[in-house]
Amino acid sequence: MSASFKAGFVSIVGKPNVGKSSLMNKLMGENLSIITAKAQTTRHRIMGILNSEEFQIVYSDTPGILEPKYSLHDAMMSFVKVSLEDADAILLVVALDDVYEPELFERFQKLKTPILLLLNKTDLAKGSQVADKVKYWKENLNNLHDVVPVSAKTGENVNVLLPKLLELIPVHPPFFPQDEFTDRTERFFASEIIREKIFMNYEQEIPYSTEVAITSFKEAEDIIRISAVIYVERDSQKGIIIGKGGSSLKKVGTDARKDMESFFAKKIFLETHVKVADNWRKEKFKLKQFGYLE
Ligand SMILES: Nc1nc2c(ncn2[C@@H]2O[C@H](COP(=O)(O)OP(=O)(O)OP(=O)(O)O)[C@@H](O)[C@H]2O)c(=O)[nH]1
Ligand SMILES: [Mg+2]
């Protein structure tokens with residue numbers, strides 16, 4: 001390892017739905033984080049470790065910053081807070097149409113960590129909108145290290161971020177083994193892929209009331225056999241998840257299996273069950289069981 005090897009932590013933060021997970025996946029060149037059109041998709045801090053001969057950057061995708069309404073939200077916001085404490089650089093993501101909201105952005109004015117504000121979704125911009133918004137954010141947040149317009153969806157301009165980040169990351173030995181690309185387990189990714197399909201296939205409260213637990217993950221030479229339990233908050237939601245003659249659950253299972261086969265590069269056998277965990281989002285004990293609390 002060279003004496004100038006750099007290693008550090010970069011936190012991706014911002015409001016729900018602005019494109020944090022899309023950006024993380026583009027920076028990693030890998031679909032680590034699930035992405036859906038609905039807000040509050042990401043519930044954990046997920047590390048993506050980018051390794052090279054010269055550096056190791058540990059990106060953290062985080063849940064969207066919101067005003068907590070129940071214990072699950074408290075846990076999500078504590079993941080954001082911890083990731084900001086560790087960071088050598090912060091990627092603060094805003095969407096093109098976002099405006100400065102004091103209650104959300106004031107906390108960033110107090111930070112000493114360099115902040116790159118990413119103006120995302122520039123593929124949707126018209127006329128001078130990008131230039132106007134770059135100016136707007138520089139005026140409203142006076143401690144920004146830089147403002148960079150990007151499109152996390154198309155990848156446009158995302159490549160300018162790496163050199164900028166390397167300037168901010170210290171000379172340091174790697175924090176993780178250099179063949180690792182995440183802090184998360186295969187079981188976690190399996191459960192996230194199922195959760196993504198639930199976010200995509202159901203409306204209103206259903207996605208938010210759902211949690212997925214992997215009860216068995218058995219890898220053989222040519223196949224991985226996975227059993228999952230989909231938890232809902234109330235008995236009435238069970239029927240919605242299952243659907244007429246089991247059709248909705250079957251669709252979720254098929255969609256998830258296809259993505260898992262591409263993620264794990266192996267044939268997948270997936271079995272799903274639906275259970276009720278009363279009010280799990282509000283109960284500390286259940287949040288602990290689901291891995292949201294220590
Ligand atoms: N047009 C456009 N859409 C984008 C872009 N980046 C993200 N999106 C879309 O915005 C939605 C939210 O994207 P995510 O990456 O899940 O956003 P997030 O900030 O991680 O959301 P949470 O996890 O809920 O906080 C999805 O429908 C994305 O496809 C972009 O650059 N352009
Ligand atoms: Mg996300």
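Note that ligands are numbered from 1 as they come in the structure, with each ligand's atoms numbered from 1 the same way.
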Check this for me: does any side-chain nitrogen of one of K267 and D222 sit under 4.0 Å from a carboxylate oxygen of the other? no
Under a strict 4.0 Å criterion on non-hydrogen atoms, which protein residues are in contact with ligand 1? P16, N17, V18, G19, K20, S21, S22, I35, T36, A37, K38, A39, Q40, T41, T42, G64, N120, K121, D123, L124, S151, A152, K153
If you measure from the Lys or Arg side-chain nitrogens to the Asp or Glu carboxylate oxygens, is any gap between K288 and E283 under 4.0 Å? no
Could you point out which residue of Y231, F285, F188 forms a ring pair (Phe, Tyr, Trp, His ring centres under 6.0 Å) with F290? Y231
Near the Mg ion (ligand 2) (under 2.8 Å) - protein N, O or S atoms: S21 OG, T42 OG1
If the condition is side-chain hydrogen bond (donor to acceptor under 3.5 Å, both in side chains), which residues does Y208 pass it with, not counting sequence neighbours? none
Measure up the H44 and F79 rings against each other and bin them: parallel (under 30°), tilted (30 to 60°), perpendicular (over 60°). parallel
Do the charged groups of E219 and K266 touch, with an N to O distance under 4.0 Å? yes
Any chain of hydrophobic side-chain contacts (each under 4.5 Å) joining L84 to I115? yes
Give a yes or no on this: more than 12 heavy atoms of other residues, nucleotides or ligands lie within 6.0 Å of atom CD of E101. yes
Give me the other members of the hydrophobic cluster that I223 sits in, counting Ile, Leu, Val, Met, Phe, Trp and Tyr linked by side-chain heavy atoms under 4.5 Å, directly or via other members. F269
